[in-house]
Amino acid sequence: MGTAVDHMPVLLGEVSDFLRVRKEGVYVDCTQGSGGHSDEILSQLEGTGQLIALDRDQEALDRARERLGSHTRNLQVFHQNFKELPSLLSRLGVGAVDGCLLDLGVSSDQLGSPERGFSFQLEGPIDMRMDTRQETTAAQLLNECSVEELAEIFWRYGEEKAARRIATAIVEHRKSSKFCTTTDLAQVVEKVKGRGPHRIHPATLVFQALRIEVNQELVGLEEFLEQAISLLAPQGRLVVIAFHSLEDRIVKTVFRKAAGKCVCFRPAEFCDCPRVEQVRILTRKPVTPSPQEIESNPRARSAKLRAVEKIETTDN
Ligand SMILES: C[S@@+](CC[C@H](N)C(=O)[O-])C[C@H]1O[C@@H](n2cnc3c(N)ncnc32)[C@H](O)[C@@H]1O
């Protein structure tokens, strides 16, 4: 494994503006990755200021350590799933935080490591685990799930229109040879869908869907965002960057609900939304990268940033 950092932090200036770091505040970077956003937050902390950073990928944390070098006086790092943040904070004796960042999804460094098996462009074992301590790999799913289960994954997490045909071809293929590499899967999908005139590779959505399933990325995200809001100090801010519509929809709905708005969209007399105002929405529309940022970092193109601020009340 190399530790050279390729990942460019997305919407760095915007994250910094929305987090509005106070030099002695307590911040959490839930997805430290290669440390780009952490670096920016740390550069603004002084004295008792703290950054608590988490990632479920040990290789990412190693890269971040290399990037941050001596920049670590105010930093504590944990190899953990951010869904465990509430118990981590209570173990650390931290009652509330001034800011929390989630930069969701996969990093360029993960995509660019063939041995991690995230990319159809690089041949490697089809693994896709962010946390390699976890048992289930993408290869296991491909070799063991039924047609129905695979089709459900590709449809639910990739909105892949050819989900069922691809799932059937996968189960047919594995009768003669098991799935071992990223190329095995890319070729089966390409055979079903053809290359097409499009710029995007035919296996893009299938790879995205499998990755989301392997890492259970959307399971519990809604509950986690609600917990993260409850962990904010008054005027504390939660900033989330999502990279696909399924993720962004969850973020948008949780933020609307926490802002006391209706999320069921039924007529007022039938609406049973809680309508309790815990936060103020800071981004009426999602913030997206500028054309210049997309040009220098094409991976940023699908990023959508949303942010909320905790309202000062006596009962939350
Ligand atoms: C887009 S990258 C973050 C990049 C980072 N902000 C930077 O500037 O380098 C997303 C990171 O989130 C991590 N990740 C995804 N889901 C996670 C989870 N549930 N818990 C902890 N880390 C997670 C991934 O391992 C990956 O390193």
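Both backbone and side-chain heavy atoms feed into the values below; hydrogens, waters and symmetry mates do not. Bear in mind that the values here come from a model prediction, so they are computed numbers and not experimental data. Ligands are counted one by one from 1 in listed order, and the atoms in each one are counted from 1 as well.
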Novice: Report yes if Arg299 has an N/O atom closer than 3.5 Å to an N/O atom of ligand 1; otherwise report no.
Specialist: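 So ligand 1 has no N or O lying under 3.5 Å from an N or O of Arg299.
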Novice: Taking Gln235 as the fixed residue, which of Glu312, Lys310, Glu309 is the one that meets the side-chain hydrogen bond (donor to acceptor under 3.5 Å, both in side chains) rule?
Specialist: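 Considering Glu312, Lys310, Glu309, a side-chain hydrogen bond (donor to acceptor under 3.5 Å, both in side chains) with Gln235 is found only for Glu312.
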Novice: Using a 4.0 Å heavy-atom threshold (strictly under), name the region of Val106 that reaches ligand 1: side chain, backbone, both or neither.
Specialist: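 Backbone only.
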Novice: So which protein heavy atom does atom 19 (N) of ligand 1 come closest to, and at what separation?
Specialist: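 So the nearest neighbour among protein heavy atoms is Asn81 OD1, 2.9 Å.
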Novice: Can you find an N/O atom of Lys83 closer than 3.5 Å to an N/O atom of ligand 1?
Specialist: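 By distance alone, the answer is no.
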Novice: Hey, is ligand 1 close enough to Asp29 that some N/O pair sits below 3.5 Å?
Specialist: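 No: no nitrogen or oxygen of Asp29 is under 3.5 Å from one in ligand 1.
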Novice: Pairs of nitrogen or oxygen atoms closer than 3.5 Å, one from His37 and one from ligand 1: do any exist?
Specialist: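 For ligand 1, there is an N or O atom that lies under 3.5 Å from one belonging to His37.
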Novice: What do we get for Glu217 next to ligand 1 when only non-hydrogen atoms under 4.0 Å count, side chain, backbone, both or neither?
Specialist: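 Neither part.
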Novice: Evaluate whether atom CZ of Arg266 has more than 12 neighbouring non-hydrogen atoms of other residues, nucleotides or ligands under 6.0 angstrom away.
Specialist: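 More than 12 within 6.0 Å, yes.
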Novice: Under 4.0 Å, counting heavy atoms only: does Asp55 come that close to any atom of ligand 1?
Specialist: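 Checking ligand 1 against Asp55, which is what was asked, there is a heavy-atom contact under 4.0 Å.
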Novice: Does any part of the side chain of Phe18, heavy atoms only, come nearer than 4.5 Å to the side chain of Val287, both counted from C-beta?
Specialist: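 The answer is yes; the side chains approach within 4.5 Å.
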Novice: Considering heavy atoms of the protein only, find what lies nearest to atom 22 (N) of ligand 1 and give residue, atom and distance to 0.1 Å.
Specialist: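 Here the nearest protein heavy atom works out to Arg56 N, 3.2 Å.
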Novice: What is the nearest protein non-hydrogen atom to atom 5 (C) of ligand 1, stated with its residue, atom name and distance?
Specialist: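 Checked against all protein heavy atoms, atom 5 (C) of ligand 1 sits closest to Gln32 O, 3.3 Å.
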Novice: How many angstroms lie between atom CG of Asp57 and atom CG of Asp131, to the nearest 0.5 angstrom?
Specialist: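 So the gap between those two atoms works out to 7.5 Å.
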Novice: Measure the acute angle between the ring planes of Phe207 and Phe120, then classify it against the limits of 30° and 60° as parallel, tilted or perpendicular.
Specialist: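 Because their plane-to-plane angle is over 60°, the rings of Phe207 and Phe120 count as perpendicular.
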Novice: Show your reasoning for whether salt bridge (Lys or Arg N to Asp or Glu O under 4.0 Å) applies to Glu160 and Lys193.
Specialist: CA-CA 11 Å; Glu160 169 58 70; Lys193 290 183 68 178; 3.0 Å; yes
Novice: Does ligand 1 come near enough to Phe82 that some N or O of the ligand is less than 3.5 Å from an N or O of the residue?
Specialist: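 N/O-N/O distance under 3.5 Å: yes.
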Novice: Just by modelled atom types, is the Val219 backbone N or O under 3.5 Å from a matching donor or acceptor in the Lys83 side chain?
Specialist: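 Side chain of Lys83 to backbone of Val219: a pair is present.
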Novice: Would you call Met8 a ligand 1 contact, heavy-atom distance under 4.0 Å?
Specialist: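 Met8: no contact with ligand 1 (<4.0 Å).
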Novice: With only distance considered, is Met130 within less than 3.5 Å of ligand 1 through an N or O on each side?
Specialist: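 In this structure, Met130 places no N or O atom under 3.5 Å from an N or O of ligand 1.
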Novice: For the residue pair Arg299 and Phe243, would you count it as a cation-pi contact if the rule is NZ or CZ under 6.0 angstrom from the ring centre and within 45 degrees of the ring axis?
Specialist: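 Yes, Arg299 lies over the aromatic ring of Phe243.
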Novice: Can you find an N/O atom of Gly35 closer than 3.5 Å to an N/O atom of ligand 1?
Specialist: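 Yes, Gly35 has an N/O under 3.5 Å of an N/O on ligand 1.
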Novice: Of all the atoms in ligand 1, which lie at a distance below 4.0 Å from a heavy atom belonging to Pro9?
Specialist: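 Counting from 1, the qualifying ligand atoms are 8 (O).
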Novice: Any side-chain to backbone donor/acceptor pair from Arg256 onto Thr253? Under 3.5 Å, distance only.
Specialist: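 Judged by distance alone, no pair lies under 3.5 Å.
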Novice: Can a donor-acceptor pair be found, under 3.5 Å and without considering hydrogens, that links the side chain of His79 to the backbone of Arg56?
Specialist: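 Between the backbone of Arg56 and the side chain of His79 there is a qualifying donor-acceptor contact (under 3.5 Å).
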Novice: Give the numbers and elements of all ligand 1 atoms closer than 4.0 Å to a heavy atom of Gly36.
Specialist: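 Going through ligand 1 atom by atom, the ones under 4.0 Å from Gly36 are 7 (C), 8 (O), 9 (O).
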Novice: Under 4.0 Å, heavy atoms only, figure out whether ligand 1 is touched by the backbone of Cys30, its side chain, both or neither.
Specialist: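 The answer is the backbone.
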Novice: Tell me, with the steps shown, if Glu148 and Arg156 meet salt bridge (Lys or Arg N to Asp or Glu O under 4.0 Å).
Specialist: CA-CA 12 Å; Glu148 289 69 29; Arg156 180 185 296 189; over 6 Å; no
Novice: Considering only distance and modelled atom types, tabulate donor-acceptor pairs under 3.5 Å from the side chains of residues 288-295, sequence neighbours left out.
Specialist:
unit_1, atom_1, unit_2, atom_2, d
Ser290, OG, Glu293, N, 3.1
Glu293, OE2, Leu11, N, 2.9

Novice: Heavy-atom contact under 4.0 Å between Gln80 and ligand 1?
Specialist: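 Right, Gln80 reaches ligand 1.
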Novice: Relative to the heavy atoms of Asp57, which atoms of ligand 1 are at a distance of less than 4.0 Å?
Specialist: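 So the atoms of ligand 1 that pass are 25 (O).
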Novice: Using a 4.0 Å cutoff against the non-hydrogen atoms of Leu104, which atoms of ligand 1 qualify?
Specialist: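 Listed by number with element: 1 (C).
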Novice: Return the option from Ser107, Gly105, Gly220 holding the heavy atom at the smallest distance from atom 10 (C) of ligand 1.
Specialist: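 It is Gly105 whose heavy atom sits nearest to atom 10 (C) of ligand 1.
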Novice: Do me a favour and list the nearest non-hydrogen protein atom to atom 9 (O) of ligand 1 with residue, atom name and distance?
Specialist: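 Heavy-atom neighbour on the protein nearest atom 9 (O) of ligand 1: Ser34 N, 3.0 Å.
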Novice: Are there over 12 heavy-atom neighbours, none belonging to Glu269, within less than 6.0 Å of that residue's CD?
Specialist: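 Enclosed.
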Novice: Strictly under 4.0 Å, does any heavy atom of Leu101 approach an atom of ligand 1?
Specialist: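 The answer is no: ligand 1 sits nowhere under 4.0 Å from a heavy atom of Leu101.
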Novice: What I'd like to find out is whether the side chain of Leu61 reaches to under 4.5 Å of the side chain of Gln58, using heavy atoms alone.
Specialist: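 Of all side-chain heavy-atom pairs linking Gln58 with Leu61, at least one is under 4.5 Å.
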Novice: Which of the numbered atoms in ligand 1 are under 4.0 angstrom from any heavy atom belonging to Asp103?
Specialist: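 Ligand 1 atoms under the 4.0 Å threshold to Asp103: 1 (C), 2 (S), 3 (C), 4 (C), 5 (C), 6 (N), 10 (C).
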